[in-house]
Asker: 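Before I ask anything, here is the structure I am working with.
Reminder, nothing fancy here: chain letters follow the sequence lines and each chain counts from 1.
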Protein chains: 2
Amino acid sequence: MGLTKTENFTGRQNQLAAFAKALGHPARIAIVEYLLAHNSCICGDLVDELPLSQSTVSQHLKELKQVGILRGDIEGVSVCYCIDEQGWTQAREMLTGLLATPIGNAECRPSTSCC
Amino acid sequence: MGLTKTENFTGRQNQLAAFAKALGHPARIAIVEYLLAHNSCICGDLVDELPLSQSTVSQHLKELKQVGILRGDIEGVSVCYCIDEQGWTQAREMLTGLLATPIGNAECRPSTSCC
DNA sequence: AATTTTAATCGTAATATTGCGATCAAAAGA
DNA sequence: TCTTTTGATCGCAATATTACGATTAAAATT
């Protein structure tokens, strides 16, 4: 298999998972942190910053771009990357919403009280 | 390869990525949401709830347990799962911290203003 | 026009993930 | 003790991810 059964989950659950998955690699965390700190940068700056090859960095950038967290604007020879404020805001709101959920007290079966 | 070069990133970056990765699958989002809503449940309840086999659900539970988001306490024949408040709090604080980072204005190269 | 710079893409290899059925181990109940 | 219930684990197959070097394409420079 290796194939996630996305059709059996809600769109919201799939979207949440997609955002979380995009952040689920230290290199992509580092890229996002760098762009949050520096506003905008070209790919080469990130290649200098990260312990990864140019092609690998480019691939991570592609994933973050595809999920909507980054934008990449062509600037002559180079490509200027930055946080996509729209996508980033959506990711923040969705993930923050999940993380801020209070732990409910509803029991799934009446007399089960363990944790 | 297929092997993440964790040693070249900070412990914080790796921990953040591990939490995000654990949430990077719709089934695990669904499990966390279910446990947030129901406080505590046995594995069989989740198997009834999710469109996945028992072994697959068990595997997802294992991943969430390993990263510290869930706890599983043996209760006779069954296992009672619940949110691990400590781990969940840490995940919330770390991820919320990243998501709440204001977008900085520092330019990585003086005359580059694109996005 | 030829060269250089920049970054995307291709091809490949190693490893991880997802999912399932089957089996196993432990506790509870008959 | 034998059976049932519960859920972890094993083994397998399909697919995805991670990483790199090599190549390619496009714009800028010479």
Side-chain angles (χ1 to χ4, degrees), chain A residues 1-9 14 17-18 20-31 40-67 70-82 108-109 112 114, chain B residues 1-9 13-14 17-18 20-31 40-67 70-82 108-109 111-112 114:
Chain A
M1 310 277 152
L3 174 59
T4 298
K5 297 172 98 181
T6 52
E7 68 280 7
N8 295 300
F9 299 98
N14 282 310
K21 190 176 184 180
L23 296 174
H25 191 288
R28 294 194 290 271
I29 292 283
I31 288 172
S40 68
C41 290
I42 65 171
C43 175
D45 295 327
L46 290 163
V47 174
D48 293 340
E49 196 71 15
L50 300 174
L52 296 167
S53 73
Q54 182 266 319
S55 57
T56 302
V57 171
S58 190
Q59 216 171 283
H60 284 303
L61 285 169
K62 189 181 174 187
E63 280 180 71
L64 287 166
K65 213 164 50 175
Q66 272 176 343
V67 84
L70 299 191
R71 278 195 319 127
D73 298 324
I74 298 170
E75 279 241 326
V77 160
S78 55
V79 174
C80 182
Y81 282 99
C82 64
C108 50
R109 39 189 60 215
T112 305
C114 37
Chain B
M1 309 276 154
L3 175 58
T4 298
K5 298 172 95 181
T6 52
E7 67 279 8
N8 295 299
F9 299 97
Q13 287 170 330
N14 282 311
K21 190 176 184 181
L23 296 174
H25 191 287
R28 294 194 290 271
I29 292 283
I31 289 172
S40 68
C41 291
I42 65 170
C43 175
D45 295 327
L46 290 163
V47 173
D48 293 340
E49 197 71 17
L50 300 174
L52 296 167
S53 73
Q54 182 266 320
S55 58
T56 302
V57 171
S58 189
Q59 216 172 283
H60 284 304
L61 286 168
K62 189 182 175 186
E63 280 179 72
L64 287 166
K65 213 164 50 176
Q66 272 176 344
V67 83
L70 299 190
R71 279 195 318 127
D73 299 324
I74 297 170
E75 278 242 325
V77 161
S78 56
V79 174
C80 182
Y81 281 98
C82 63
C108 51
R109 37 190 60 214
S111 54
T112 304
C114 38

Asker: To the nearest angstrom, how far is B/Glu7 atom CD from D/dT18 atom P?
Answerer: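 Taking CD of B/Glu7 and P of D/dT18, I get 15 Å after rounding.
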Asker: Starting from P on D/dA16, measure out to CZ on A/Arg28 and report it in whole angstrom.
Answerer: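 Atom CZ in A/Arg28 sits about 15 Å away from atom P in D/dA16.
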Asker: Output the single nucleotide from D/dG21, C/dT18, D/dG7 whose closest atom is nearest the side chain of B/Val79.
Answerer: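 Within the option list, the nearest is D/dG7.
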Asker: OP1, OP2 of C/dG19 versus side-chain N and O of B/Thr56: anything below 4.0 Å?
Answerer: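 Checking C/dG19 against B/Thr56, no side-chain N or O comes under 4.0 Å of OP1 or OP2.
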Asker: Is B/Ser58 near enough to D/dG7 that one of its side-chain N or O atoms lies under 4.0 angstrom from OP1 or OP2?
Answerer: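 For D/dG7, OP1/OP2 do not have a side-chain N/O of B/Ser58 under 4.0 Å.
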Asker: Closest nucleotide of DNA chain D for B/Cys43 versus for B/Thr6: which of these residues is on the 5' side?
Answerer: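 The 5'-side residue here is B/Cys43.
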Asker: For the pair made of CG in A/Asp45 and C1' in C/dT6, what is the distance, rounded to whole Å?
Answerer: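 Going from CG in A/Asp45 over to C1' in C/dT6 covers 12 Å.
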Asker: Counting only side-chain nitrogens and oxygens, does A/Lys21 get under 4.0 Å of the OP1 or OP2 atom of D/dA16?
Answerer: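 No, A/Lys21 has no side-chain N/O under 4.0 Å of OP1/OP2 on D/dA16.
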Asker: Evaluate the criterion side-chain contact (heavy atoms from CB on, under 4.5 Å) for residue pair A/Asp73 and A/Val79; output intermediate values, then yes/no.
Answerer: CA-CA 6 Å; A/Asp73 298 324; A/Val79 174; over 6 Å; no
Asker: So, does A/His60 get its side chain near the phosphate of D/dA19, meaning an N or O under 4.0 Å from OP1 or OP2?
Answerer: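 Yes, because at least one side-chain N or O of A/His60 sits under 4.0 Å from OP1 or OP2 of D/dA19.
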Asker: If I take atom CG in residue B/Leu50 and atom P in nucleotide D/dG7, what distance separates them, rounded to the nearest angstrom?
Answerer: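 Going from CG in B/Leu50 over to P in D/dG7 covers 13 Å.
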Asker: Is there a side-chain polar atom (N or O) of B/Tyr81 under 4.0 Å from OP1 or OP2 of D/dT6?
Answerer: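 It does not, given that no N or O in the side chain of B/Tyr81 lies less than 4.0 Å from OP1 or OP2 of D/dT6.
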Asker: List in chain and number order the residues that pass side-chain hydrogen bond (donor to acceptor under 3.5 Å, both in side chains) with B/Gln13, two or more places apart in sequence or in another chain; answer none if no residue qualifies.
Answerer: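 If we apply the side-chain hydrogen bond (donor to acceptor under 3.5 Å, both in side chains) test to B/Gln13, skipping adjacent residues, the hits are A/Glu33, B/Thr10.
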Asker: Kindly write out the residues that satisfy side-chain contact (heavy atoms from CB on, under 4.5 Å) with B/Ala20, not counting sequence neighbours, or none if the list is empty.
Answerer: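 With sequence neighbours excluded, B/Ala20 shows a side-chain contact (heavy atoms from CB on, under 4.5 Å) to A/Leu23, B/Leu95, given in chain and number order.
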Asker: Specify the separation, in whole Å, of atom CG of B/Asn14 and atom P of D/dT18.
Answerer: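 Computing the B/Asn14:CG to D/dT18:P distance gives 13 Å.
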Asker: Quickly work out the A/Lys62 NZ to D/dT17 C1' distance and round it to whole Å.
Answerer: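 Interatomic distance, NZ of A/Lys62 to C1' of D/dT17: 13 Å.
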Asker: Sort me out a list of protein N/O and nucleotides 22-30 of chain D N/O pairs below 3.5 Å, or just none if empty.
Answerer:
none

Asker: Kindly point out which of D/dA19, D/dA8, C/dT15 is positioned nearest to the side chain of B/Lys5?
Answerer: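 Within the option list, the nearest is D/dA19.
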Asker: For the pair made of CD1 in B/Ile31 and P in C/dT18, what is the distance, rounded to whole Å?
Answerer: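 Rounding to the nearest Å, CD1 of B/Ile31 and P of C/dT18 are 11 Å apart.
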Asker: Find the distance B/Gln59:CD to C/dA16:P and express it as a whole number of Å.
Answerer: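 After rounding, the reported distance stands at 14 Å.
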Asker: Where the side chain of A/His25 is defined as all heavy atoms beyond and including C-beta, which of C/dA8, D/dT18, C/dT15 is the nearest nucleotide?
Answerer: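 Looking only at heavy atoms from C-beta outward on A/His25, the closest nucleotide is D/dT18.
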Asker: Do A/His60 and A/His25 come within less than 4.5 Å of each other through their side chains, counting heavy atoms only?
Answerer: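 Of all side-chain heavy-atom pairs linking A/His25 with A/His60, at least one is under 4.5 Å.
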Asker: Would you please name every residue forming a salt bridge (Lys or Arg N to Asp or Glu O under 4.0 Å) with A/Glu63, sequence neighbours left out?
Answerer: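 A/Glu63 satisfies salt bridge (Lys or Arg N to Asp or Glu O under 4.0 Å) with A/Arg28 only.
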Asker: So which atom in A/Pro51 and which in B/Asn8 form the shortest heavy-atom distance, rounded to 0.1 Å?
Answerer: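 The pair with the smallest heavy-atom distance is CG-CB, 3.1 Å.
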Asker: Just to verify, what does B/Ser53 make a side-chain hydrogen bond (donor to acceptor under 3.5 Å, both in side chains) with, not counting sequence neighbours?
Answerer: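 For B/Ser53 the side-chain hydrogen bond (donor to acceptor under 3.5 Å, both in side chains) partners, ignoring immediate neighbours, are B/Ser55, B/Thr56.
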Asker: What residues, two or more places apart in sequence or in another chain, satisfy side-chain contact (heavy atoms from CB on, under 4.5 Å) together with A/Val47?
Answerer: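 For A/Val47, the residues satisfying side-chain contact (heavy atoms from CB on, under 4.5 Å) (neighbours in sequence not counted) are A/Cys43, A/Gln54, A/Val57.
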Asker: Given D/dT6, D/dT18, D/dA16, which nucleotide is nearest the side-chain atoms of B/Ser78?
Answerer: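 In terms of side-chain proximity for B/Ser78, the closest of D/dT6, D/dT18, D/dA16 is D/dT6.
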